[in-house]
Amino acid sequence: MQNLLHNLNPEQLAAVTLPSQHAMILAGAGSGKTRVLTTRIAWLIQTGQVSPAGILAVTFTNKAAKEMTSRLGAMLPINTRGMWIGTFHGLCNRFLRAHYRDAALPQSFQILDSGDQLSMIKRMLKALNVDDEKYPPRNLMYFINNAKEQGLRAQDVEAYDDYNRKFVELYDIYDQQCQREGVVDFAELLLRTYELLSRSQPLREHYQARFRHILVDEFQDTNDLQYKWLKLLAGQSNAVFAVGDDDQSIYAFRGANVGNMAAFEREFRVQNLIKLEQNYRSHGHILDAANTLIAHNTRRLGKNLRTDAGHGEPVRIFESSSDLQEAQWLIEEVKSLLNEGWMRSEIAVLYRSNAQSRVIEHALFTAGIPYRVYGGQRFFERAEIKHAIAYLQLMDNPHNDSAFLRVVNFPARGIGARSIEQLQDAARQHGMSLYAAVPHVSGKAGSSLGGFVRLVERMRFENQTMPLQEVVKAMLDASGLIAHYQTEKEGADRIENLEQLVSAAMLFVSEEGFGIDAPAFAGPKAQAVAGPALVDGEEVEVIDADAPLPTVMSPLSAFLSHASLEAGDNQAQAGQDALQLMTVHSAKGLEFDAVFITGLEEGLFPHENSTQEEGGLEEERRLMYVAITRARKRLYMSFSQTRMLHGQSRYNMRSRFFDELPDASLKWLSPRVQQHSWFAQRKTAWDDVPEAGVNAIAQSFTRKDAGWRIGESVAHAKFGEGVIVSIEGSGTNCRAHINFGKHGMKLLDLNIAKLERVAKA
DNA sequence: AAGGCCAGAGTTTTT
DNA sequence: CTCTGGCCTT
């Protein structure tokens, strides 16, 4: 115990050792949040207040869940495997597997990822002859997920007009289709769990009695349904330990509701509120910048980070004339950092939107600096992997129509669009899955489809006793996937990925502890059957509160869940020491010695779309706050006068966030020059910029009219500061489009408008 | 069944 | 500009 609590600061110690009551921990960036959360769990267990089985710990990402589990395992000599530590979705999956009958799901129900969900919706719209111009699949998907995340079924959604009514109607049909196929989307995992717990008193009481301590990470990111779910599980007597940071709430656009923090405090009558404000990550100037910036937000719960680390270096700011030059400057700075011995992997380049990485990547590539971009395609989302998974899905649940359609003719086996149409008609007519409808198709189409069914049947039943990785291997052969990619010229990489899938299966089996001898199938009984609705009040399986849940999943089912819930790595070239490139969003939770925040311009960061939305600007500011607090020792911020966007140059003002930072913590690297002598002074100031770059810049700025220049900053009495975007006409008939940011784009006569030159920062 | 062509869009993302 | 999706042609 001494060990556990050793080295905690007073606030951390207080949080970890709080009594068994609801608590809210306001944990600032870099304040040791994960440490507090895991130590709290360890302390509760070690002091005998709760058994490992009585803990429910929820996170948003698999990464966070794994981190928590492994840290806990290092603190205590316990088996963490059976513990309920995981993501909302992962835990709900576990729950639904154990109670699939009560949840009215087939035992081998499968999980749709967002791509699967979208293609399912497209397929449905087509079958219903719905105009997908009028009802775009994406909008319908958004509508459905949104409703589910508020806990609403189709019949609960209020249709306020005809257009909306159609969405509701389609939502209902979509749910029926999912039910028929035995598949659930991400939101459904949560909603189904919530509904089952709501209506089944025995189940609810069982789990409420079991989870005495509920701990939630990143509470500011919870959506409405997740909050309701927590409330339900907490019941009257369990303690909820919520850790979050309202200043780092950056996911409102996907349904997160920061308001849940205040709601939690109020509705749970939280007596224990602890702020973790001691920052162990960043030097003083960096923290000052973060604190001063975020203070511009209203409606904060209130928090100020402090450090013992001293001021450190000021935040370096650079203004460039173009995005190309911004990248060029970045390269030079990175080079000198590397010369000083900084690690490449400890330097991050952040940007607001993915499109911005292009120019930077190009420059890094040319300079020969290894880099790694986060956010690419993930392993389980690759086409060849999706195909292989579809075969596995059919083996596990042949009524999954999405899986069926994906591979029925891949590799090509002469089953064309006409055969599929016939099959779909038959399926609709008999109200059954495509797979089940095959015997109802006659003729040539029927026999080729029959061949496919026999193939799947063979794969399903021949290998029942094989370990999972053998099943995967056999499937790759029998399906003809390997053979197909062998004939393709670019197929080598894909085959390599398919082989990696076998390794992934092997790794999964060893990590999840499925015995090597365990059959990959639970047997024919495990066939998908759209079960009857739950009989209310049905006796609940008795589960020993201390025993891990019975493994009701076959290894194959479990592996498929794993593939959907954990799409895998989404970073390229992992492993080697490389510069880290990512959006600010994906940087959340990470930290680096040196950080570059690039593209700090009005319209980009804050993003123009966000400035329209209610509360959008505050979210952008929080995003900026997240970006700043990623840096340990050195922080750079850069912005550019021009930037190529959608194929044309845009002239932006520097981000308003610069005006919200403390001058004392800033160091401007670029000279504060007078605009009229712009080129001459720039040239001398940027001697280290390659000649070609300077020439390109010069060319883009040679156009002058009535003494004004494109790209120049001006001030107007009414509209404030703006940038000249274009100039038309000349002499006495000369007008200019000027971007005044907040006030929008104005067309002004340069001979009439009273404009002043702005000496740029 | 595959490749070519054109229109249209173009924040942020995990599960 | 650059990627995607849908449609049309071979």
Side-chain angles (χ1 to χ4, degrees), chain A residues 58-65 86-94 111-119 122 126 132-133 136-138 142 145 148-149 184-191 193 217-218 221-223 225-226 248-256 323 350-359 362 374-378 380-381 409-418 484 488-489 561-570 582-589 599 603-613 616 619-620 622-624 626-627 643-650:
Chain A
V58 204
T59 64
F60 277 84
T61 63
N62 292 298
K63 198 176 156 201
T87 63
F88 279 99
H89 296 85
L91 295 172
C92 286
N93 181 44
R94 192 192 262 198
I111 303 165
L112 299 178
D113 66 26
S114 354
D116 300 334
Q117 189 187 15
L118 186 63
S119 47
K122 284 180 179 167
K126 207 163 208 174
D132 58 3
E133 302 259 298
R138 276 184 184 284
Y142 180 80
N145 292 340
K148 288 191 180 184
E149 277 162 15
V184 297
D185 59 49
F186 286 133
E188 183 73 24
L189 286 170
L190 273 133
L191 183 53
T193 302
D217 192 16
E218 307 276 20
D221 288 339
T222 51
N223 64 31
L225 182 55
Q226 287 159 343
Q248 291 189 73
S249 162
I250 56 173
Y251 285 116
F253 70 91
R254 67 174 197 213
D323 47 353
L350 309 184
Y351 34 80
R352 176 64 178 81
S353 63
N354 287 303
Q356 289 166 249
S357 76
R358 238 194 158 70
V359 179
H362 180 74
Y374 282 66
Q377 202 182 28
R378 303 158 124 229
F380 285 105
E381 284 165 359
N409 198 34
F410 192 93
R413 39 178 80 88
I415 299 173
R418 279 184 316 279
H484 171 83
E488 220 178 46
K489 24 184 201 306
S561 292
H562 167 81
S564 303
L565 291 173
E566 236 176 296
D569 232 340
N570 64 348
M582 66 194 85
T583 63
V584 181
H585 280 93
S586 16
K588 190 176 164 210
L604 247 191
F605 200 178
H607 196 277
E608 54 190 320
N609 295 359
S610 309
T611 52
Q612 316 293 332
E613 294 157 20
E619 177 139 324
E620 293 290 301
R622 291 192 291 270
L623 194 53
M624 182 66 182
V626 167
R643 183 175 298 275
M644 283 297 269
L645 198 65
H646 307 330
Q648 52 188 345
S649 295
R650 294 197 13 167

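Letters A, B, ... are given to chains in the order of the sequence lines, protein chains preceding strands, and every chain is numbered from 1. Since the structure is predicted, the reported quantities are computational estimates derived from the model, not experimental observations.
Here A/His585 does not pack flat against the base of B/dT12, since the 5.5 angstrom centre distance and 30 degree tilt limits are not both met. Here A/Phe253 packs flat against the base of B/dT12; its ring centre is closer than 5.5 angstrom to the base's six-membered ring, tilted by less than 30 degrees.
Judged by distance alone, with hydrogens and angles left aside, the side-chain atoms of A/Glu218 form no donor-acceptor pair with the main-chain N or O of A/Thr59 at under 3.5 Å. A/Asp132 places no side-chain N or O within donor-acceptor distance of the main-chain N or O of A/Pro136, the cut-off being under 3.5 Å.
The phosphate of B/dT12 (OP1 or OP2) has a side-chain N or O of A/Asn354 nearer than 4.0 angstrom. Residue A/Ser586 places at least one side-chain N or O closer than 4.0 Å to OP1 or OP2 of B/dT13. Contact annotation: A/Ser353 does not reach the phosphate of B/dG10 (side-chain N/O to OP1 or OP2, under 4.0 Å). For the pair A/Asn62 and B/dT15, the criterion of a side-chain N or O lying under 4.0 Å from OP1 or OP2 is met. At B/dA1, one or more side-chain N or O atoms of A/Asn409 fall inside 4.0 Å of OP1 or OP2 (strictly under the cut-off). Close to B/dT15, at under 4.0 Å from its OP1 or OP2, lies a side-chain N or O of A/Arg378. Close to B/dT15, at under 4.0 Å from its OP1 or OP2, lies no side-chain N or O of A/Asn145.
For A/Thr583, counting side-chain heavy atoms from C-beta on, the closest listed nucleotide (B/dT15, B/dT13, B/dT11) is B/dT13. Checked against B/dT12, B/dT14, B/dT15, the side chain of A/Arg254 finds its nearest nucleotide in B/dT14.
Ion pairing between a basic and an acidic side chain is recognised when a charged N comes within 4.0 Å of a carboxylate O; A/Arg254 and A/Glu149 show no such pairing. The pair A/Asp113-A/Arg378 does not meet the salt-bridge criterion, since no charged nitrogen lies less than 4.0 angstrom from a carboxylate oxygen.
Side-chain atoms of A/Ser114 and A/Gln117 form no donor-acceptor pair, as typed in the model, at a separation below 3.5 Å.
Taking atom C1' on both C/dC3 and B/dT14, the two are 23 Å apart, rounded to the nearest angstrom. Comparing the P positions of B/dT12 and C/dG5 gives an interatomic distance of 16 Å, to the nearest angstrom.
Between the P atom of B/dA9 and the NE2 atom of A/His646 lies a distance of 12 Å, rounded to the nearest Å. Rounded to whole Å, atom C1' of B/dT11 lies 12 Å from atom CD1 of A/Ile250. In this structure, CD of A/Glu566 is placed 10 Å from C1' of B/dT15, rounded to the nearest angstrom. At whole-Å resolution of the value, CG in A/Asn223 and C1' in B/dT13 are 14 Å apart. Straight-line distance from the CD atom of A/Glu149 to the P atom of B/dT14: 15 Å, rounded to whole Å. Following rounding to the nearest Å, A/Phe60 (CZ) and B/dT14 (P) show an atom-to-atom distance of 13 Å.
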Contact list (N/O, under 3.5 angstrom) for nucleotides 2-10 of chain C vs protein:
residue: C/dC3; atom: OP1; partner: A/Arg358; partner atom: NH2; Å: 3.0

Is there a side chain to side chain contact (heavy atoms under 4.5 Å, CB included) between A/Lys588 and A/Thr61 once you walk through the steps? CA-CA 12 Å; A/Lys588 190 176 164 210; A/Thr61 63; over 6 Å; no
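Closest-nucleotide positions on DNA chain B for A/Lys63 and A/His607 were compared, and the one nearer the 5' end corresponds to A/His607.
Between A/Tyr251 and A/His585, the two ring planes are tilted [angle within 30° to 60°].
Minimum heavy-atom separation, A/Asn93 to A/Ile111: OD1-CD1, 3.6 Å.
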